[in-house]
Number of protein chains: 2
Amino acid sequence: MTVKECCEIMERAGVKPTSIRILTYKAVSELHDTFSLGDLENLLEDVDKSSLFRALRTLSDHHLIHALEDGSGSVKYCVCHNHGACTEEEHHCHFFCEQCKKTYCLEDCVVPKANLPQGFEAHEVNYVIKGICSNCKKA
Amino acid sequence: MTVKECCEIMERAGVKPTSIRILTYKAVSELHDTFSLGDLENLLEDVDKSSLFRALRTLSDHHLIHALEDGSGSVKYCVCHNHGACTEEEHHCHFFCEQCKKTYCLEDCVVPKANLPQGFEAHEVNYVIKGICSNCKKA
DNA sequence: GCCACTTTGCAACCTTGTTGCAATTAACAT
DNA sequence: ATGTTAATTGCAACAAGGTTGCAAAGTGGC
């Protein structure tokens with residue numbers, strides 16, 4: 001993705017495209033699966049951790065990326081391919097491989113709906129399946 | 001639950017019922033919703049943190065309790081009411097209230113199945129719905 | 001009672017995430 | 001352009017939660 005495209009997407013989502021945010025969004029929009037703050041630190045070695053942390057928070061607040069918990073001990077993120085216009089219907093499942101510790105985005109696997117009790121109001125869903133991925137199973 | 005019942009359940013699950021484990025299992029089997037290691041520390045003030053941590057790990061390893069991630073920053077646990085004989089079908093959903101920060105067990109809400117891609121093997125599912133609970137909504 | 005093995009308590013530590021604050025940069029009116 | 005204000009960034013320090021090493025205490029078999 002070009003810097004220009006990044007800026008446009010961010011502006012449409014109400015995020016001011018600062019240098020760190022562009023750097024962050026450009027880097028993560030090229031990743032196919034999930035990543036942690038630590039992963040991003042390694043990817044962008046010369047950028048400060050707390051700046052990246054704040055960039056991720058901003059992007060997450062404006063729904064350009066999603067945060068999810070996979071039990072690995074660190075919060076994972078993935079880019080929202082609907083550029084901030086995600087409805088609950090469009091959330092995809094994630095798969096955590098217990099062997100290689102990678103968390104996949106299952107783009108084609110939409111989160112199935114559950115029935116909430118009376119009076120409960122859902123905002124988002126964290127759905128992570130754990131097991132062995134196809135790569136590790138082959139090996 | 002009596003100490004005797006706790007011991008029986010643990011033994012059936014292949015867990016040697018030591019003092020800390022009995023204390024832990026008895027305490028948590030009386031809780032209706034989820035709890036963290038920290039919650040348990042507060043509940044059993046005179047017991048060491050790492051002993052509780054190890055007891056929870058042992059109980060979890062033998063499926064007497066389940067661990068789940070709700071994005072609160074600490075791992076939550078809940079007792080398995082099938083006493084270690086939980087199949088994937090029986091896993092219930094959890095609900096994290098963004099206001100009161102409580103994580104409910106939705107006992108009557110079974111985790112809906114998702115379709116995995118070819119070659120992926122599921123072992124367990126972490127399904128946490130986030131939103132506002134009925135108590136907080138009323139207020 | 002003695003020995004091997006397990007469990008427990010304590011302290012120390014690691015990792016991840018988070019904040020305070022000063023320095024820098026950007027936005028904008030004059 | 002310049003000054004004024006607000007937002008962002010980098011650094012360092014910190015907090016919380018989880019985890020481990022190790023010695024002491026407990027358990028069980030003989």
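Throughout, a chain's letter reflects where its sequence line sits, starting with A, and its residues are numbered from 1. As a basis for the values below, the full set of heavy atoms in this structure was taken, side chains included, without hydrogen atoms, waters or symmetry mates.
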Query raised in the report: At under 4.0 Å between heavy atoms, what does A:Ser19 touch on the DNA or RNA strands: base, sugar-phosphate, or nothing?
Result: sugar-phosphate
Report task. Please go through A:Ile132's hydrophobic cluster and name the other residues, only I, L, V, M, F, W, Y counting, with side-chain heavy atoms under 4.5 Å joining them. Result -> none
Requested in this report: Give B:Thr18 one of three labels, base, sugar-phosphate or nothing, depending on what nucleic acid heavy atoms sit under 4.0 Å from its own.
Outcome: sugar-phosphate
Query raised in the report: Closest to the B:Arg57 side chain: D:dT20, D:dT9, C:dT7?
Result: D:dT20
Report task. Using a strict 4.0 Å threshold on nitrogen-to-oxygen distance, state whether B:Lys76 and A:Glu69 make a salt bridge. Result -> no
Report task. Classify the nucleic acid contact of B:Gly73 as base, sugar-phosphate or nothing, counting any heavy atom under 4.0 Å across all strands shown. Result -> sugar-phosphate
Query raised in the report: Counting distance only, does the side-chain N/O of A:Tyr127 pair as donor-acceptor with the main-chain N or O of B:Pro112 below 3.5 Å?
Result: yes
Query raised in the report: How many Å lie between CG on B:Asp70 and P on D:dG17, as a whole number?
Result: 12 Å
**Report entry** Distance, rounded to the nearest Å, where A:Met10 contributes CE and D:dT8 contributes P
**Finding:** 12 Å
Query raised in the report: Any idea which of D:dA13, D:dT20, C:dT8 is nearest the B:Ile20 side chain?
Result: C:dT8
**Report entry** Whether A:Asp61 side chain and A:Thr58 backbone form a donor-acceptor pair below 3.5 Å
**Finding:** no
Query raised in the report: A:Leu40 has an atom CG; how far is it from atom C1' of C:dT18, in whole Å?
Result: 16 Å
Query raised in the report: Given D:dA7, D:dA12, D:dT19, which nucleotide is nearest the side-chain atoms of A:Ser50?
Result: D:dA12
**Report entry** B:Arg54 side chain, from C-beta outward: closest of C:dT7, C:dC10, C:dT19
**Finding:** C:dC10
Query - Residues, nucleotides or ligands: over 12 heavy atoms within 6.0 Å of A:Asn42 CG - result: yes
Query raised in the report: Do A:Ile65 and A:Cys80 come within less than 4.5 Å of each other through their side chains, counting heavy atoms only?
Result: no
Report task. Please determine, for the side chain of A:Ser74, which listed nucleotide (C:dT16, C:dT8, D:dT8) has the closest atom? Result -> C:dT16
Query - Residues, nucleotides or ligands: over 12 heavy atoms within 6.0 Å of B:Asp48 CG - result: yes
**Report entry** Which nucleotide in C:dG9, C:dT8, D:dG10 has an atom nearest any side-chain atom of B:Arg21
**Finding:** C:dT8
Report task. To the nearest Å, give me how far apart CD (B:Glu41) and P (D:dT19) are. Result -> 13 Å
Report task. Identify which nucleotide among D:dT9, D:dG17, C:dC10 has an atom closest to any side-chain atom of A:Ser51, counting heavy atoms from C-beta outward. Result -> D:dT9
Query raised in the report: Over how many whole Å does the gap from A:Phe53 atom CZ to D:dA13 atom P extend?
Result: 19 Å
Report summary line: Considering only heavy side-chain atoms of B:Lys49, the closest of D:dT19, C:dT19, C:dG9 is D:dT19
Query raised in the report: Whole-Å distance between D:dG18 C1' and B:Asp39 CG?
Result: 15 Å
Requested in this report: Could you tell me, to 10°, how much the axis swings from one end of the helix from C:dG1-D:dC30 to C:dT30-D:dA1 to the other, five pairs per end?
Outcome: 30°
Query - Main-chain N/O of B:Ser36 paired to B:Ser74 side chain as donor or acceptor, under 3.5 Å - result: no
Query raised in the report: Between atom CD in A:Glu11 and atom P in C:dA27, what is the gap in whole Å?
Result: 10 Å
Requested in this report: Rounded off to whole Å, could you give me the CG-to-P distance for the A:Leu56 and D:dT8 pair?
Outcome: 15 Å
Requested in this report: Map B:Tyr77 and A:Val47 onto DNA chain D by nearest heavy atom, then report which one ends up closer to the 5' terminus.
Outcome: A:Val47
